[in-house]
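For reference, the structure is listed below as structure tokens.
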Amino acid sequence: MEILSVQAKSDAILEYYYGENGVTPITKQDKKDYYNENYHRLKYVLLTKIDDNNKDLPADEVAYKRGLAEQLRQQLENGATFEDLIVQHSEDYSKITDDMSAEDKAAAETNNQQAITEGLICNQDGVFNQALYVYYDICLDSKILEELDKMEVGDVSIVEIDSSIWLLKKYDLNEDASYFE
């Protein structure tokens, strides 16, 4: 009962101060402004530098992947679509096979569709999925966030971190109203 009452009291205090009719209301425009100032939307091609056992790949394989990232950037300049490059080259894009369960296929299809339609929307701390962050502390690397801060919508960049190489493209946060919602 105490736990429930603490939550109810907390909700009441927040509503009193920040609700629509509160002392200092937070408007939808305030939220929209915060969203536009503190979030990024990106799509990416991920090329890993480690194997399935978290061991570093040989130097020649990493060099190949660095070269591939540069080739992909060149393909974009020559008219390739980022979405096609995700499907063809991103190691984070799931290849759907006959031996997958129906549940695994459905999850892979959902993740793949998200990768090529909206991509990732993350806050300034790199959190793109609150549940993954809370349970596993998973968020985007600070090098990626630093690069995103420098980029304008439509820009493409390559970022290398300890475990992977990322070909990034920054997208419009407001391309679809559902992204903000």
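Checking Ser90 against Asp92 by side-chain atom types alone, no donor-acceptor pair falls below 3.5 Å. A donor-acceptor contact under 3.5 angstrom links the side chains of Asp33 and Gln29, judged on distance only. Side chains of Asn123 and His40: no donor on one and acceptor on the other come within 3.5 Å.
Both tests do not hold together for Lys169 against Tyr44: distance to the six-membered ring centre under 6.0 Å, angle to the ring axis within 45°.
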Quiz item: Where do Phe180 and Asn36 land on the side-chain contact (heavy atoms from CB on, under 4.5 Å) test, with the steps shown first?
Solution: CA-CA 9 Å; Phe180 172 68; Asn36 284 314; over 6 Å; no

Self-check item: Pair Leu168-Ile144, side-chain contact (heavy atoms from CB on, under 4.5 Å): steps then yes or no
Solution: CA-CA 9 Å; Leu168 305 172; Ile144 294 169; 4.0 Å; yes

Practice problem: Please assess Leu57 against Lys65 for the test side-chain contact (heavy atoms from CB on, under 4.5 Å), listing each intermediate value before the final yes or no. | Solution: CA-CA 10 Å; Leu57 292 176; Lys65 290 185 178 193; 3.7 Å; yes

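In terms of hydrophobic clustering, with Ile, Leu, Val, Met, Phe, Trp and Tyr side chains grouped at heavy-atom distances under 4.5 Å, Ile116 and Ile121 are assigned to different clusters.
The shortest distance between side-chain heavy atoms of Leu145 and Gln124 does not fall below 4.5 Å. Inter-residue side-chain proximity for Ser163 and Lys49 is flagged as unmet; no heavy-atom pair is nearer than 4.5 Å. At least one side-chain heavy atom of Leu140 sits less than 4.5 Å from a side-chain heavy atom of Leu120. In this structure, the side chains of Trp166 and Leu47 stay at 4.5 Å or more apart for every pair of heavy atoms. Met151 has its side chain within reach of Ser157: a pair of non-hydrogen atoms, C-beta onward, lies under 4.5 Å apart. Between Asn174 and Tyr35 there is a side-chain heavy-atom pair separated by less than 4.5 Å.
Separating the CD1 atom in Ile165 from the CD atom in Glu70 is a distance of 9.5 Å, to the nearest 0.5 Å. In this structure, CG on Leu167 lies 10.0 Å from CD on Gln75, to the nearest 0.5 angstrom. To the nearest 0.5 Å, atom OH of residue Tyr39 and atom CG of residue Asp125 are 9.0 Å apart.
Under 4.0 Å is where a charged nitrogen must lie from a carboxylate oxygen, and between Lys143 and Glu146 no such pair does. Ionic pairing of Arg66 and Glu160 is present here: one or more N-O contacts between side-chain nitrogen and carboxylate oxygen are shorter than 4.0 angstrom. Remark: Glu83 engages Lys43 in a salt bridge, criterion side-chain N to carboxylate O under 4.0 Å.
Residues Arg41 and Glu175 approach most closely at NH1-OE1, 3.1 Å, considering heavy atoms.
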